[in-house]
Amino acid sequence: MKYKRFVHRIKKDNLVVHHIFSVLIPGFWLLIFRSRILPVLALGSWLLILRSRILPVLIPGSWLLILRSRILPVLVLGSWLLILPCPVFAQNKNAGKGNGATIVDSKPLTYADSLMVKDLFFKALIAKTSENQKDAEDFFSKIIQIDPANDASLYELANLKKLKNDYPQAQQLLEKAVSVKPDNEWYWAALADCDEKNNDFAKLENVFSELIRINPDKPEYYFDAANAFFYQKKYDEALQVYDKLETLTGPTDDLLANKQKIYLKQGNVDLAARQLEKMIADNPLQTKYYLFLAELYSANNFGDKALKVLQTAEKLKIGNGLVHLALADIYRDKKDYEASYNELTLAFAIPDVDIDQKIKIILGYLPRFPDPNAKASALELSRILVGAHPGDAKAYAVYGDMLVQNDKLKDAKDMYQKSIALNNQVYAVQEQLVRIELGGNDLDGAIRDGENSLSFFPNQAWMNYLVGVAWLQKKDDNKAIGYIKNATTLEFQDKDLLSQSYSALGDCYHNIKDNVNSDNAYDKALTYNAGNVYTLNNFAYYLSLRGEQLDKAAAMSKRSNDLQPANASFEDTYAWILFKQKDYNGAKLWMEKALADDKTSSAVKSEHYGDIMFYLGDINTAVENWKKAKANGDQSPVLERKINERKYIE
């Protein structure tokens, strides 16, 4: 046997180098190509094989043209050997169950077709990489028109269809792909995904059967095959698959759980229990099997049996948190809430129990708020949580939340600070801290912690607003304006925040006597929330002080009182606007309401009432109320003149 290598082929100006092997075999030629074997008679001939394409080869008295695994007519020793293309059938072991075989018509390709397919495939991949899905689909579709058995294009086009949620079309393409390449695991796996999306569980049986045939050592395929049977309520078949898997992997918790699910669907609680009892007998120190059995009994209304199993488990290992949690559930089902809560406290004190599971239990109390018992229970469990997990920021954050719910704001502030010290990357905790500080008038603390938070989270609109309000209350209006304007540029959806921010800007601009910007800010605040009572009141009051747009001011003030009645400050504003409109009787009526609802002995309200009574001609009552205003802290020179001169002074 001789071997000879050819290493060049010239096409136009380009030198294309291919590795070519020719084999001289006296007698029969054996051509092995793409898993198909074709005998060729060629005495004393050369067979040229070129990268899966066979170019024309001169054989004494004959031409042999083999292109892309298709054999065209061949003249051998003056005779023609005609090898016709054959259709390809998908393997389908369930054809008798209604799944017909998929047929892909194969046809011979010319050399030009072959080059075109190669060019189109290259263009399709470029389009796909560039996320040009339409062009990629067009190119792959053209390939399939030329070469219906091009499995790679069938697969790629199917994936593009899946991106458009066109699973039925993708399913058809993949069925053709697996018929061409029945041993390609990726094709079958993609087909399984389509069948599942199409809820075609009958076909899934065969698909997973093929995947198990191709890769019998992959447990996932057995689970998927069993699930396909399960969804069709073929429980015995599913159990048979699990039995096969058990011979491969041995008994596992996943297998146990899935078998249990089937037994329960079959209504065979006793069999499920016996299986778990066997696991307990084989593994008497494994607490998890006691928990599985207790859960089984509990789910099927055998609470007493579940309790007995858990009590046995509790004796095996003192301080097993999961057992205590399970006992808490059993006692709760029995409506023994005290015993249930006691088991929870035992479980929460054990560090080995997952903190997230504990937090979930605490949050489960929230729907029962404001019930005092629920709030107290959640608070105590949170306290225990901190003791069990002293190094976890989440524990302090949750404890802080429960302290807030119980109006223990000072203690909550301490917990939030500890949480932040352990982990400064949780924004929500920092916002809670600043809100508490701002609400408690700890302005320096709010500014310090707020600005520190903004060094980590500069784009948080609410934090910018809160820090701005702190500066506003410290009467540094320019700094306040900077932070609050940041808030308005960072948020576009939260109408509550935007309304409050523009309202605060209105206050800031008013303080620096920029009335135009102040009015514009208030108007904008009301576009986001026409019922913002504080904006309605403040805007109306400042207009009345300037004596401008009094009708608009009166309408806004009246609306604020309608929305929030018995608010002394709002009633005072409306009374003052009526005073400015010279409706002194109406002003007197509303100011008396304000004084009745006032709990602070306001000097301003007393002075206003005196002003109103002066214009109603009751000078003595006017002076008496001006003196009350002075006694309540108003030391203004104008008030002093009113008292001394016994007359209203603007």
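We number each residue from 1, following the sequence as shown. Reckoned from all heavy atoms, side chains included, excluding hydrogens, waters and symmetry mates.
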Mind checking what makes side chain to side chain donor-acceptor pair (under 3.5 Å) contact with [X], not counting sequence neighbours?
| X | answer |
| --- | --- |
| Y465 | Q500 |
| K134 | D138 |
| D135 | N132 |

Which pairs would a plain distance check flag for residues 271-282, meaning a side-chain donor or acceptor within less than 3.5 Å of a matching protein atom at least two apart in sequence or in another chain?
{"unit_1": "Q275", "atom_1": "OE1", "unit_2": "Q260", "atom_2": "NE2", "d": "2.8"}
{"unit_1": "E277", "atom_1": "OE2", "unit_2": "Y297", "atom_2": "OH", "d": "3.3"}
{"unit_1": "K278", "atom_1": "NZ", "unit_2": "D282", "atom_2": "OD2", "d": "3.0"}

Next item on the list: Given salt bridge (Lys or Arg N to Asp or Glu O under 4.0 Å), test K162 with D166 step by step and report yes or no.
Entry: CA-CA 5 Å; K162 287 164 72 174; D166 187 356; over 6 Å; no
Got [X] and [Y] here, is their nearest side-chain heavy-atom distance under 4.5 Å?
| X | Y | result |
| --- | --- | --- |
| E175 | K203 | yes |
| N424 | Q430 | yes |
| T287 | L322 | no |

Side-chain ion pair, [X] and [Y], N-O less than 4.0 Å:
| X | Y | result |
| --- | --- | --- |
| D151 | K176 | no |
| K358 | D354 | no |
| K123 | D119 | yes |

Check: Is there a donor-acceptor contact under 3.5 Å linking the side chains of T110 and D113?
Finding: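 Short answer, yes.
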Next item on the list: Verify the distance criterion only: is there a donor paired with an acceptor across the side chains of D183 and W188 at less than 3.5 Å?
Entry: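 Absent: no donor and acceptor within the cut-off.
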Margin query: Rounded at 0.5 Å granularity, tell me how far OH in Y242 sits from OG1 in T252.
Written below: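 That separation rounds to 10.0 Å.
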Next item on the list: Establish, for the pair K305 and F302, whether the NZ or CZ atom is under 6.0 angstrom from the six-membered ring centre and no further than 45 degrees off its axis.
Entry: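 Judged by the rule (NZ or CZ under 6.0 Å from the ring centre, within 45° of its axis), K305 counts as positioned above F302.
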Atom pairs and distances, side-chain donor-acceptor, residues 216-229, under 3.5 Å, sequence neighbours left out:
{"unit_1": "Y221", "atom_1": "OH", "unit_2": "E185", "atom_2": "OE2", "d": "2.5"}
{"unit_1": "Y222", "atom_1": "OH", "unit_2": "P216", "atom_2": "O", "d": "2.8"}
{"unit_1": "N227", "atom_1": "ND2", "unit_2": "F223", "atom_2": "O", "d": "3.3"}

Check: Can you name the residues that form a side chain to side chain contact (heavy atoms under 4.5 Å, CB included) with D401, not counting sequence neighbours?
Finding: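 Applying side chain to side chain contact (heavy atoms under 4.5 Å, CB included) to D401 gives Y416, Q432.
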